[in-house]
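The structure appears right after this line, and notes come after that.
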Amino acid sequence: MSALVQRVKDSVQHIADGGQFVTVYGMDRFIGFLAWDVQQSITWLKMVLIVFAVAYESTAIVAMTLASVKGVFTERSFAMSFVTITGAMCIVIWFSLAVFRRDVADTVTFLQHRQRTIHSKAATRKALLNRVNRYLWFFYLQNIAQVFFWINLLRNCSPLAVFELSLLDSANVVLYPLAMTLMSLMFIHTIMIVSTLLSALTLEFYWLGQEFEQVFDQCNAFAATGRKRYWDALEQRIGTCVAEHQRLLGQISKLRNNLKLYLLLNLAVDFTLITFAGCQIVMSREGDQHLYSILAALTACLNMLNFGALCDLLKIQVQAIKFRLYSSQWTDYLRPVSGSLYQRCRRIRSSVLIVMTRAEHDLRISCGCVYDMSLATCWAVLQFSYSVFTLLLSFFETEP
């Protein structure tokens with residue numbers, strides 16, 4: 001018994017040591033796209049699982065197309081169409097992020113290295129990282145619960161049933177849950193990657209703003225003395241902060257360009273899931289289906305609001321650096337300096353002004369080419385989902 005307890009403790013400690021990206025790398029081994037080491041057997045298993053999920057979804061699309069042409073839709077056609085559409089969108093979303101695999105992998109490696117070598121050594125930063133990790137684990141687990149919605153609520157809605165082949169129906173008892181689980185995990189994997197990257201970048205800018213404040217808190221003492229070593233240290237620290245700011249802005253710009261299509265597709269999936277779940281709540285007469293439909297709707301709402309909130313927080317932290325610099329009164333501390341230190345102060349002023357100018361640029365995370373990913377956009381999608389749900393409800397009520 002003690003050996004089992006110790007093994008559990010070691011497993012928990014291993015997960016904790018993995019840091020903020022432990023769920024990302026854990027899922028990537030089986031259903032992800034960050035690492036493709038063909039010399040490892042687990043990579044071949046991953047390839048088989050992905051090919052199977054894509055092949056099953058392709059067969060489902062063909063089945064629904066044939067059913068539409070032959071006019072053999074049944075009363076389950078609405079749910080079967082939902083399974084086909086959302087399954088296809090899960091795969092499309094996975095590929096929309098996988099095409100930027102190298103950029104995403106570089107950003108993940110960059111942020112993970114900083115957390116292990118810089119932030120984990122500071123007690124206050126490590127405590128904040130642990131709180132964010134707990135939130136990400138909760139977010140991950142509530143998305144994993146969504147898999148039960150696919151398997152249980154829609155267990156009789158496989159599109160392959162339109163072929164009406166007894167052998168295929170027997171095999172589908174195993175194939176359908178496996179395919180739905182894999183497609184759900186492909187979707188969840190992309191959600192965890194984006195959520196982790198956005199939260200990690202938000203923390204980076206938050207800590208960078210604190211570093212700027214600490215630097216300029218010492219400006220008054222430095223300006224009161226003409227000792228060269230003090231000014232060397234000040235200029236070096238400011239230069240380091242400026243370089244980190246430029247590096248982080250580069251990571252955001254690259255990530256923003258890669259996430260445009262992904263966030264747009266994610267909104268479409270969440271909208272479809274919320275609308276369908278609402279219709280299922282009204283149309284279904286079984287108590288367990290009501291439970292799974294409510295779970296699906298809540299999960300989709302949380303996913304949307306999570307992305308909107310993280311994008312808003314990231315934007316706030318990027319712009320907060322400008323306000324931190326404005327409120328530090330660094331110009332008052334450096335203004336009296338003259339003589340041989342004047343040129344050095346000019347370089348410091350130039351570096352700070354570069355940071356303030358770049359922080360003024362609007363680094364919004366957009367979805368597509370029109371809308372920004374924010375809580376306001378998420379609220380608009382929820383309102384539109386409610387309007388569509390009301391329209392469908394009125395249609396079902398008037399249907400003879």
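Only a predicted model underlies this, so the values are computations on that prediction, with no experimental measurement involved. Hydrogens, waters and symmetry mates are skipped; everything else that's a heavy atom, side chains included, is used.
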Point to revise | N143: side-chain hydrogen bond (donor to acceptor under 3.5 Å, both in side chains) partners, not counting sequence neighbours | key: N303

Check your understanding: Which residues satisfy the side-chain hydrogen bond (donor to acceptor under 3.5 Å, both in side chains) test with Q317, sequence neighbours excluded?
Key -> none

[X], [atom1] atom: more than 12 neighbouring heavy atoms under 6.0 Å:
X: L167; atom1: CG; answer: no
X: F138; atom1: CZ; answer: no
X: R29; atom1: CZ; answer: no

Between [X] and [Y], which heavy-atom pair has the shortest distance, and what is it?
X: P177; Y: T181; answer: O-OG1, 2.7 Å
X: L182; Y: L49; answer: CD1-O, 3.5 Å
X: I50; Y: G32; answer: CD1-O, 4.0 Å
X: K126; Y: S120; answer: CD-O, 3.6 Å
X: C301; Y: I274; answer: SG-CD1, 3.7 Å
X: A300; Y: L273; answer: CB-CD2, 3.9 Å

Review point. Between F307 and Y262, what is the ring plane arrangement, given parallel below 30°, perpendicular above 60°, and tilted in between?
Key: perpendicular

Review point. Does anything in residues 49-59 pair up under side-chain hydrogen bond (donor to acceptor under 3.5 Å, both in side chains), and if so which pairs, sequence neighbours excluded?
Key: Y56-S158, Y56-N172

Exercise for review: Quick one: do F205 and L249 satisfy side chain to side chain contact (heavy atoms under 4.5 Å, CB included)? Show the steps, please.
Suggested key: CA-CA 9 Å; F205 276 96; L249 285 180; 3.9 Å; yes

[atom2] on [Y] to [atom1] on [X], rounded to 0.5 Å:
X: L198; Y: C311; atom1: CG; atom2: SG; value: 5.0 Å
X: I365; Y: K315; atom1: CD1; atom2: NZ; value: 10.5 Å
X: F30; Y: L45; atom1: CZ; atom2: CG; value: 7.0 Å
X: Q319; Y: I316; atom1: CD; atom2: CD1; value: 8.0 Å
X: L391; Y: S387; atom1: CG; atom2: OG; value: 9.0 Å
X: I252; Y: L197; atom1: CD1; atom2: CG; value: 11.0 Å

**Study point:** Side-chain donor/acceptor of K46 to backbone N/O of D28, under 3.5 Å
**Key:** yes

Review point. Does the T43 side chain pair with the main chain of D37, one donor and one acceptor, at a distance under 3.5 Å?
Key: yes

Exercise for review: Apply salt bridge (Lys or Arg N to Asp or Glu O under 4.0 Å) to R125 and list each qualifying residue two or more places apart in sequence or on a separate chain.
Suggested key: E211

Check your understanding: Do F187 and W94 have ring centres separated by under 6.0 Å?
Key -> no

Sequence neighbours left out, cut at 3.5 Å: what donor-acceptor pairs do the side chains of residues 375-385 make with other protein atoms?
from, atom 1, to, atom 2, distance (Å)
T377, OG1, D372, O, 2.4
T377, OG1, S374, OG, 3.4
S385, OG, T275, OG1, 3.0

Are [X] and [Y] connected in the hydrophobic side-chain network, where two residues link if heavy atoms are under 4.5 Å apart?
X: L178; Y: I188; value: yes
X: F100; Y: V92; value: yes
X: L34; Y: V38; value: yes
X: M183; Y: M47; value: yes
X: L136; Y: L302; value: no

Any side-chain heavy-atom pair of [X] and [Y] under 4.5 Å:
X: V104; Y: I193; result: yes
X: L310; Y: L314; result: no
X: K254; Y: D106; result: yes
X: K260; Y: S366; result: yes
X: L259; Y: L255; result: yes
X: L248; Y: F110; result: yes

Check your understanding: Applying the side chain to side chain donor-acceptor pair (under 3.5 Å) test to E204, which of H119, Q251, R247 qualifies?
Key -> H119

Check your understanding: Picking from L265, V194, L261, what satisfies side-chain contact (heavy atoms from CB on, under 4.5 Å) with L97?
Key -> V194

Review point. With F21, which of M192, R116, Q115 fulfils side-chain contact (heavy atoms from CB on, under 4.5 Å)?
Key: Q115

Exercise for review: Under the ring pair (Phe, Tyr, Trp, His ring centres under 6.0 Å) rule, collect the residues that match up with Y206, sequence neighbours excluded.
Suggested key: none

**Study point:** side chain to side chain contact (heavy atoms under 4.5 Å, CB included) evaluation trace for L267 with M304
**Key:** CA-CA 7 Å; L267 284 178; M304 273 203 310; 3.6 Å; yes

Practice item. Any chance you could lay out the salt bridge (charged side-chain N to carboxylate O under 4.0 Å, His left out) test for E244 and R114, step after step, and finish with the verdict? Key: CA-CA 11 Å; E244 294 296 335; R114 289 177 62 86; 2.4 Å; yes

Exercise for review: Verify side chain to side chain contact (heavy atoms under 4.5 Å, CB included) between R131 and Y135, making sure each step is shown before the conclusion.
Suggested key: CA-CA 6 Å; R131 287 198 293 270; Y135 164 75; over 6 Å; no

Point to revise | Test side chain to side chain contact (heavy atoms under 4.5 Å, CB included) applied to T299 and L295, step by step | key: CA-CA 6 Å; T299 301; L295 174 63; 3.9 Å; yes

**Study point:** Of F33, Y25, Y140, the residue whose pairing with H189 passes ring-ring contact (aromatic ring centres under 6.0 Å, His included)
**Key:** F33

